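Working notes, beginning with the structure itself.
Predicted model only: the values in this text are computed from it and were never measured. Position 1 is the first residue of the sequence, and the numbers go up from there.
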Amino acid sequence: QVHLVQSGGGSVQAGGSLRLSCVASGYIASSYYMAWFRQAPRKQREGIASIYMVSGSTTYHPSVKGRFTISRDNANKSVYLQMINLKPEDTALYYCAASRTWVPPSVALAQSKFDFWGQGTQVTVSS
């Protein structure tokens, strides 16, 4: 079983920055993806960024591209999300996720492709 523990998040004014971290523990396959999802009030959870832990290849949702950066630390089985130029519409509960195996890049932001989830962390952006 894989356990994901998140840290970071909080409250910031529009235009500000935050960084989220996620550490995986337990057995995890050598070929896997990690990703960040978010869920705003009264909205469905959406994938915003994913990274293939082997190559570092990344995928971003258009709403965050150019503002958010996902990165990895393979040695520590960790993934990070650096968020800059935050907007009020970025306010949501953010989740870290990991897959058991390789995921086709075309669906690398699909919730159904991820098997393990972090506990969630709140990000609030005020105008």
Side-chain angles (χ1 to χ4, degrees):
Q1 185 69 313
V2 176
H3 187 51
L4 303 177
V5 177
Q6 300 176 219
S7 59
S11 298
V12 66
Q13 288 192 327
S17 301
L18 286 172
R19 186 176 191 243
L20 305 182
S21 300
C22 175
V23 180
S25 62
Y27 174 77
I28 197 162
S30 59
S31 177
Y32 66 107
Y33 273 76
M34 291 188 77
W36 290 96
F37 289 74
R38 68 184 181 187
Q39 187 166 17
R42 297 175 298 280
K43 291 189 177 182
Q44 290 194 338
R45 190 177 300 186
E46 63 176 358
I48 56 172
S50 69
I51 188 165
Y52 184 37
M53 298 298 279
V54 175
S55 67
S57 177
T58 57
T59 303
Y60 292 97
H61 190 279
S63 65
V64 306
K65 199 167 187 179
R67 299 188 299 122
F68 291 10
T69 302
I70 187 170
S71 60
R72 78 198 197 282
D73 178 349
N74 281 339
N76 294 305
K77 293 191 287 186
S78 297
V79 66
Y80 309 96
L81 186 69
Q82 179 68 48
M83 305 181 288
I84 65 171
N85 191 21
L86 282 159
K87 305 176 181 180
E89 51 264 41
D90 294 318
T91 295
L93 197 57
Y94 284 69
Y95 295 92
C96 169
S99 68
R100 281 196 179 95
T101 60
W102 178 82
V103 174
S106 60
V107 291
L109 294 179
Q111 191 173 184
S112 62
K113 299 300 182 182
F114 291 85
D115 306 287
F116 308 104
W117 295 85
Q119 80 275 21
T121 187
Q122 180 68 36
V123 170
T124 302
V125 185
S126 58
S127 57

With sequence neighbours excluded, what pairs up with [X] under the salt bridge (Lys or Arg N to Asp or Glu O under 4.0 Å) test?
{"X": "E89", "value": "none"}
{"X": "R67", "value": "D90"}
{"X": "D73", "value": "none"}

Quick one: which residue pairs count as a ring-ring contact (aromatic ring centres under 6.0 Å, His included) with a foot in residues 61-98, not counting sequence neighbours?
->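 Not a single pair qualifies under ring-ring contact (aromatic ring centres under 6.0 Å, His included).
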Where do [X] and [Y] come nearest, in terms of heavy atoms and distance?
{"X": "G10", "Y": "L18", "result": "O-CD1, 3.8 Å"}
{"X": "L4", "Y": "A98", "result": "CD1-N, 3.7 Å"}
{"X": "P88", "Y": "S126", "result": "CG-C, 4.5 Å"}

Reported [atom1]-to-[atom2] distance for the pair [X] and [Y], which is rounded to 0.5 angstrom:
{"X": "R72", "Y": "S55", "atom1": "CZ", "atom2": "OG", "answer": "6.5 Å"}
{"X": "E46", "Y": "L109", "atom1": "CD", "atom2": "CG", "answer": "9.5 Å"}
{"X": "I70", "Y": "Q82", "atom1": "CD1", "atom2": "CD", "answer": "12.5 Å"}

Where at least one partner belongs to [range], residue pairs that pass disulfide (SG to SG under 2.5 Å), sequence neighbours excluded:
{"range": "residues 98-127", "result": "none"}
{"range": "residues 40-127", "result": "C22-C96"}
{"range": "residues 33-67", "result": "none"}

Looking only at atom types and distance, does a side-chain atom of Q119 sit under 3.5 Å from a main-chain N or O of Q6, one as donor and one as acceptor?
->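 Confirmed, Q119 side chain pairs with Q6 backbone.
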Check whether any side-chain N or O of S99 sits under 3.5 Å from a backbone N or O of Y33 as a donor-acceptor pair, and report yes or no.
->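 Looks like yes, one N/O pair under 3.5 Å.
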Looking at residues at least two apart in the chain, or sitting in another chain, which of them share a side-chain hydrogen bond (donor to acceptor under 3.5 Å, both in side chains) with [X]?
{"X": "N85", "result": "none"}
{"X": "Q122", "result": "T124"}
{"X": "Q111", "result": "none"}

So, do [X] and [Y] sit near enough that their side-chain heavy atoms are less than 4.5 Å apart?
{"X": "K77", "Y": "V2", "value": "no"}
{"X": "T59", "Y": "Y52", "value": "no"}
{"X": "V64", "Y": "R38", "value": "yes"}

Are W102 and V107 joined in one hydrophobic group, where the rule is that I, L, V, M, F, W and Y side chains link up if heavy atoms are under 4.5 Å apart?
->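 Yes: a chain of side-chain contacts under 4.5 Å links W102 to V107.
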Y60 and V123: same hydrophobic cluster, using ILVMFWY side-chain contacts below 4.5 Å?
->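 Shared cluster, yes.
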Can you name the ring pair (Phe, Tyr, Trp, His ring centres under 6.0 Å) partners of F37, sequence neighbours left out?
->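 Testing F37 for ring pair (Phe, Tyr, Trp, His ring centres under 6.0 Å), a comparison that skips the adjacent residues, returns F114, W117.
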With V23, which residues qualify under side-chain contact (heavy atoms from CB on, under 4.5 Å), at least two apart?
->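 Scan of V23 (side-chain contact (heavy atoms from CB on, under 4.5 Å), adjacent residues dropped) gives S78.
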